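Only a predicted model underlies this, so the values are computations on that prediction, with no experimental measurement involved. Naming: A, B, ... by sequence-line order, numbering from 1 per chain.
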Protein chains: 2
Amino acid sequence: MSPKVSKEHMEKRRANILEAAKQVFIEMGYERTTMKHVMEAAGVSRGGLYQYFLNKEDLYEAILEEGLEKAVDDNGLLLEKEVDSYWPLLMKRMFGESMEPDDRLDPLAPSNLEFFITGRHDERRRQYGLNRYQLGLQVYEELIKAGQECGEFSKTYDSKTMARSIVSFIDGLALDHAILPEEEIQVKKQSLLFVEYLKMALEVERGNRLKK
Amino acid sequence: MSPKVSKEHMEKRRANILEAAKQVFIEMGYERTTMKHVMEAAGVSRGGLYQYFLNKEDLYEAILEEGLEKAVDDNGLLLEKEVDSYWPLLMKRMFGESMEPDDRLDPLAPSNLEFFITGRHDERRRQYGLNRYQLGLQVYEELIKAGQECGEFSKTYDSKTMARSIVSFIDGLALDHAILPEEEIQVKKQSLLFVEYLKMALEVERGNRLKK
DNA sequence: CATTATAACGACACTATTGTCGTTTTTCAA
DNA sequence: TTGAAAAACGACAATAGTGTCGTTATAATG
């Protein structure tokens, strides 16, 4: 009648498999990873995997689902805040808490790449990637639109074009850095250059002056 | 003693298989394509494929090899030319013969993406992609360096950073357009914005004025 | 501590795909 | 036209990977 194995134990193990499987999928790609790989990484038996997931595809989908939920939370958090200046918020979205270009990249970028790759030959996975992508885009667009509304940013370029330019830039940087890692400093250099460009396109200096 | 099948016939058939296989690999990705797919696309029997290629990997490598040779030729062609102004040449490299942003992209970009994807989990294929990438980078770097030497471009940013920024931008645009195609016009808009950015970073207007 | 539901296990059957190989067909030179 | 060399073929064995299923081990409850 009553459960003989605690719910906590099940959830913990499921999460454990999910995390291990995620690493394997990232490492090897969907097609190449076998359930044997996942099994070894998670430290369970082959049969055990099927206790928690219907099959390989179901396991993969669970990973995507989890990632999407996290992305929604992250983005929601940023948009909630009420601010008087959008430039710092934009910088924060692009470069993280430090709010200025360093050798790290927007965490959304590698994930965009990942989903683009895995989704390239599979409609369902492509759809997940698209959702995430649009989610990221939306945050930038709203930030810029808000900045333009209050007069902080120039309206020379529409918010959609600016948002896509930013995401394009970040994704391109992540892609090229993945292809040719070389020195970390290169990422920072290119980012600094891009910030100059953003300031120009949004006329941030002028905008800030106007506000004062 | 003498060959009973003409060399031309063999070469033609080999090229035929190569072209068909290339399409299949692009369409399906390396892991998913089977020799059966290739066989059907090329219109030969399974056994026939092994007359020309040792195995699937060998077939794939032959396609890469061919692509690399073509890329070397294309880039070599551009660098050979003697010019008095590097800006038009830079535009030409970025946007093709039209020399100004339209909805088309540098043909190198999709190929960069392709090799990044296929090479992501395979060292040998990754190396091919890297070679191509560096080849593209080299052309931009030499163009900008030459332009800087003759005073047409500003030396504010080093040629390497500028070259990588350009390739980053193009690849990012290609990637994002691949993820979210939407209207073609968006590509043009973002490209125009990027050209403004390039003019700023290279101080092209000023440079041109100085030359006159 | 005993009971029992169920999680964990690993052998098994099934499927898909690869590369080989003996046979047939084609092609070209004499 | 004919003969031989080699290309084209497709059945075959080998391999790899999936998901199922009956059995065993384990953990919560009374």
Margin query: Without decimals, in angstroms, what is the distance between B/Glu40 CD and D/dG10 C1'?
Written below: 14 Å
Next item on the list: Using whole Å, report how far OH of A/Tyr30 lies from C1' of D/dG17.
Entry: 12 Å
Notebook entry, point to check: Does A/Lys56 reach the main-chain N or O of A/Thr33 with its side chain, forming a donor-acceptor pair under 3.5 Å?
Noted result: yes
Next item on the list: Return the value, rounded to whole Å, for the distance between atom CG of B/Asn55 and atom P of C/dT17.
Entry: 17 Å
Margin query: Rounded to whole Å, please give me the gap between NZ in A/Lys12 and C1' in C/dA7.
Written below: 16 Å
Checklist line | Between P of D/dA6 and CZ of B/Arg14, the distance in whole Å | finding: 18 Å
Item checked: Residue whose nearest DNA chain C nucleotide is more 5′ - A/Arg46 or A/Gln51 -> A/Gln51
Next item on the list: Report the C-alpha distance between A/Phe169 and B/Phe169 in whole Å, list the side-chain angles of each, state the deciding distance to 0.1 Å, and finish with yes or no for ring-ring contact (aromatic ring centres under 6.0 Å, His included).
Entry: CA-CA 6 Å; A/Phe169 164 78; B/Phe169 163 78; 9.2 Å; no
Margin query: Whether the A/Ser168 and B/Gln190 side chains hold a donor-acceptor pair (N or O, under 3.5 Å, no angle test) is what I'd like checked.
Written below: yes
Next item on the list: Classify the ring geometry between A/Trp87 and A/Phe153 as parallel (under 30°), tilted (30 to 60°) or perpendicular (over 60°).
Entry: perpendicular
Margin query: Can you classify the ring geometry of B/Phe194 versus A/Tyr197 as parallel (below 30°), tilted (30 to 60°) or perpendicular (above 60°)?
Written below: perpendicular
Notebook entry, point to check: Think A/Tyr50 has a side-chain N or O under 4.0 angstrom from the OP1 or OP2 of D/dT18?
Noted result: no
Check: Just how far, in rounded Å, is P of D/dA7 from CD1 of B/Ile17?
Finding: 12 Å
Next item on the list: Compare the minimum distances between each of D/dT18, D/dA8, C/dT18 and the side chain of B/Ser45, then state the nucleotide with the smallest one.
Entry: D/dA8
Margin query: Measuring to OP1 and OP2 of D/dG17, would you say a side-chain N or O of A/Arg32 lies under 4.0 angstrom away?
Written below: no
Next item on the list: Answer with base, sugar-phosphate or nothing: what part of the nucleic acid does B/Tyr52 contact at a heavy-atom distance below 4.0 Å?
Entry: sugar-phosphate
Item checked: Whole angstrom value for the distance that separates P of D/dC9 from CG of B/Leu49 -> 9 Å
Check: So does A/Lys56 get a side-chain nitrogen or oxygen closer than 4.0 Å to the phosphate oxygens (OP1/OP2) of D/dT18?
Finding: yes
Checklist line | Atom-to-atom span, CE of A/Met35 to C1' of C/dT15 - whole angstrom | finding: 16 Å
